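Bear in mind that the values here come from a model prediction, so they are computed numbers and not experimental data. Just so you know, residue 1 is the first one in the sequence shown, and it goes up from there.
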Amino acid sequence: MEIKAKIRIKDIAERAGVSVGTVDRVIHGRSNVSPISLERVRKVLEEFNFTPNHYASALASNTVHHFAAILPMHEVDSYWARVESGLADGVRRFNDFKLSFKIFRYDPFNTESFKYECQNLLDSNPDIVIIGPIFSNNLMAGFTSQLDERGVPYALLDSNWPEFNHCIFYGQDSLRSGAFSGRIMSLAVKSETRKIALFKFLGEGRVASRQQMNREVGFRNFMAEHCPNIEIVDVNLYVYDKQGMKEIMREFFTSNPDILHGLSFNSSIHIIANFLREEMPDHPHVCLLGYDAIDANVECIKNGSADFLVAQHPQTQGLNCFRSMFNTCVLKMKLPRDHYMAVELLTKENIDFYRD
């Protein structure tokens with residue numbers, strides 16, 4: 001096997017007839033290089049098949065890379081808590097480099113909260129941004145356009161917005177995820193089933209993310225094609241009114257004893273499962289499907305009050321999203337833009353083996 005000698009920047013400079021500083025600026029994409037010198041250096045780089053060591057350069061650099069993330073406020077046991085844990089893990093893994101990381105948190109049901117935290121993030125002058133979802137296209141477009149104007153690269157977590165100029169996306173294909181849930185529910189229903197309940201957790205009259213909306217579209221499309229005789233009944237639950245949620249659920253299940261299947265497209269299926277188990281123990285079992293292996297949902301799967309969870313590895317999403325943005329923006333690696341997580345089904349029989 002032929003072993004090639006190490007190519008030095010000095011060698012490239014001599015072959016191209018330019019200074020070492022000019023070669024360094026070309027390799028690292030800096031300005032102040034004449035077109036003639038740029039062309040000479042590029043030809044020599046191609047001749048030597050030279051690949052710059054961006055990892056070593058980043059370690060040696062005095063530049064501090066300022067990362068920022070904007071995420072929904074969340075409870076300790078939640079999908080977003082695990083995403084945040086993954087991001088923090090990414091920061092730890094690259095602690096040999098000079099970087100900072102700050103998280104801005106907004107109320108996912110309050111548009112003014114989102115706008116306020118977006119401005120706080122912009123005022124912090126970050127170099128690299130990671131964005132959690134918000135439902136309004138106009139709000140997202142207003143924020144991302146400011147990042148574009150400043151030349152700040154950004155990633156999307158959980159909800160994909162193909163129309164924006166993000167570098168990286170990590171999350172499920174939400175339409176296919178919803179169709180997958182439709183497939184599972186179609187297998188779970190009985191021949192006499194005529195209705196399925198869709199539980200929506202609302203704030204300001206809407207769900208918290210585009211991801212959930214797309215899941216619903218995928219689900220409804222699947223059911224319309226494969227189970228056209230089954231009616232999907234919306235049950236709207238308002239996150240700021242916990243007592244009101246119980247009253248709505250009690251009225252719903254009392255008035256609809258024939259509905260024995262239900263699902264939700266966020267992390268809150270445990271609210272339905274626990275209500276039925278604790279408040280209406282004599283009600284026939286309702287087959288429930290939800291999302292995310294948070295502790296409360298896992299407990300419901302184990303005690304039999306819920307039947308299916310669709311998992312999406314939130315901690316891995318957070319870690320890989322941070323890693324990809326670091327590799328893209330700091331180490332100048334070329335990576336695919338969209339990274340889709342597997343759609344996994346968890347039941348009582350396999351949930352002990354799920355690892356994020």
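In R277, the CZ atom is crowded: over 12 heavy atoms of neighbouring residues, nucleotides or ligands sit closer than 6.0 Å. Counting heavy atoms of neighbouring residues, nucleotides and ligands inside a 6.0 Å radius, atom OH of Y116 does not exceed 12 of them. Within a 6.0 Å radius of CD1 in I36, no more than 12 heavy atoms belonging to other residues, nucleotides or ligands are found. Atom CD of Q146 sits in a crowded spot, with more than 12 heavy atoms from other residues, nucleotides or ligands closer than 6.0 Å.
Taken from SG in C321 to OH in Y170, the straight-line distance is 7.5 Å, to the nearest 0.5 Å. Atom CD in E231 sits 10.5 Å away from atom CD1 in I196 (nearest 0.5 Å). Rounded to the nearest 0.5 Å, atoms CG (D173) and CD (Q211) are 8.5 Å apart. For the atom pair S267 OG and F201 CZ, the distance stands at 10.0 Å (nearest 0.5 Å). Taking CD1 of I70 as the start and CD1 of I103 as the end, the distance is 11.0 Å to the nearest 0.5 Å. Going from atom SG of C118 over to atom CG of L139 covers 7.5 Å, rounded to the nearest 0.5 Å.
Using a 4.0 Å cut-off between charged nitrogen and carboxylate oxygen, K302 and D352 count as a salt-bridge pair. Remark: E278 does not engage R250 in a salt bridge, criterion side-chain N to carboxylate O under 4.0 Å. A salt bridge is defined here as a Lys NZ or Arg NE, NH1 or NH2 lying under 4.0 Å from an Asp or Glu carboxylate O, and D295 with R82 meets this definition. Classification of R105 and E117 as a salt-bridged pair fails, no side-chain N sitting under 4.0 Å from a carboxylate O.
In the hydrophobic clustering of this structure, F326 does not group with L319; members are Ile, Leu, Val, Met, Phe, Trp, Tyr whose side-chain heavy atoms approach within less than 4.5 Å, directly or through other members. Linking Ile, Leu, Val, Met, Phe, Trp and Tyr residues whenever their side-chain heavy atoms come within less than 4.5 Å places L345 and V189 in a single cluster. Cluster membership check: V233 does not share its hydrophobic cluster with F219, using side-chain heavy-atom separations under 4.5 Å among Ile, Leu, Val, Met, Phe, Trp and Tyr. Hydrophobic clustering, with ILVMFWY side chains joined whenever heavy atoms are under 4.5 angstrom apart, groups F143 together with Y154. With hydrophobic clusters built from ILVMFWY side chains whose heavy atoms lie under 4.5 angstrom apart, I259 does not share a cluster with L263.
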Is there a salt bridge (charged side-chain N to carboxylate O under 4.0 Å, His left out) between K115 and E112 once you walk through the steps? CA-CA 5 Å; K115 289 191 287 186; E112 292 304 315; 2.9 Å; yes

List the steps and the verdict of side chain to side chain contact (heavy atoms under 4.5 Å, CB included) for Y79 and D158. CA-CA 10 Å; Y79 166 83; D158 188 66; 2.8 Å; yes

When you look at Q317 and H339, which way does the side chain to side chain donor-acceptor pair (under 3.5 Å) test go after all the steps? CA-CA 9 Å; Q317 283 184 61; H339 301 262; over 6 Å; no

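Across all non-hydrogen atoms, the minimal contact from I301 to D307 is CD1-C, 3.5 Å. The two atoms that bring L122 and R150 nearest to each other are O-NH1, 2.9 Å, heavy atoms only. Closest heavy-atom contact between P153 and G151: CD-O, 3.4 Å. For the residue pair D292 and N297, the shortest heavy atom distance occurs at O-ND2, 2.9 Å. Residues G17 and R40 approach most closely at O-NH1, 4.1 Å, considering heavy atoms. Between A342 and Q172 the shortest heavy-atom distance is O-NE2, 3.6 Å.
A donor-acceptor contact closer than 3.5 angstrom links the side chains of N214 and S174. Side chain to side chain, E344 and H313 meet the donor-acceptor criterion of an N or O pair below 3.5 Å. Between the side chains of E225 and N221, not a single donor N or O lies within less than 3.5 Å of an accepting N or O. Residues S181 and Y291 bring a donor and an acceptor atom of their side chains to less than 3.5 Å of each other. For the residue pair E279 / N274, no side-chain donor-acceptor distance below 3.5 Å is found, with atom types taken as modelled. Side-chain contact check for H66 and S100: at least one donor-acceptor pair (N or O, by modelled atom type) lies under 3.5 Å. R323 and N320 are linked by a side-chain donor-acceptor pair at a separation below 3.5 angstrom, with hydrogens and angles left out of the test.
Side-chain atoms of S145 come within 3.5 Å of backbone atoms of A141 as a donor-acceptor pair (strictly under, hydrogens ignored). A donor-acceptor contact shorter than 3.5 Å is absent between the side chain of S268 and the backbone of I271. For N303 (side chain) and E299 (main-chain N/O), a donor-acceptor pair under 3.5 Å exists by modelled atom type. Under a 3.5 Å cut-off, the side chain of N256 and the backbone N or O of F252 do form a donor-acceptor pair. One N or O on the side chain of S186 and one on the backbone of R183 form a donor-acceptor pair closer than 3.5 Å.
Aromatic ring pairs are classed by plane angle as parallel below 30°, tilted from 30° to 60° and perpendicular above 60°; the pair H283 and F253 is perpendicular.
Ring centers of F101 and F322: under 6.0 Å apart, within the cut-off.
Relative to the ring axis of F169, R337 does not place its NZ or CZ within 45° and under 6.0 Å from the centre.
For the side chain to side chain donor-acceptor pair (under 3.5 Å) with K200, the qualifying choice from D234, N266, N236 is D234, the only one to do so.
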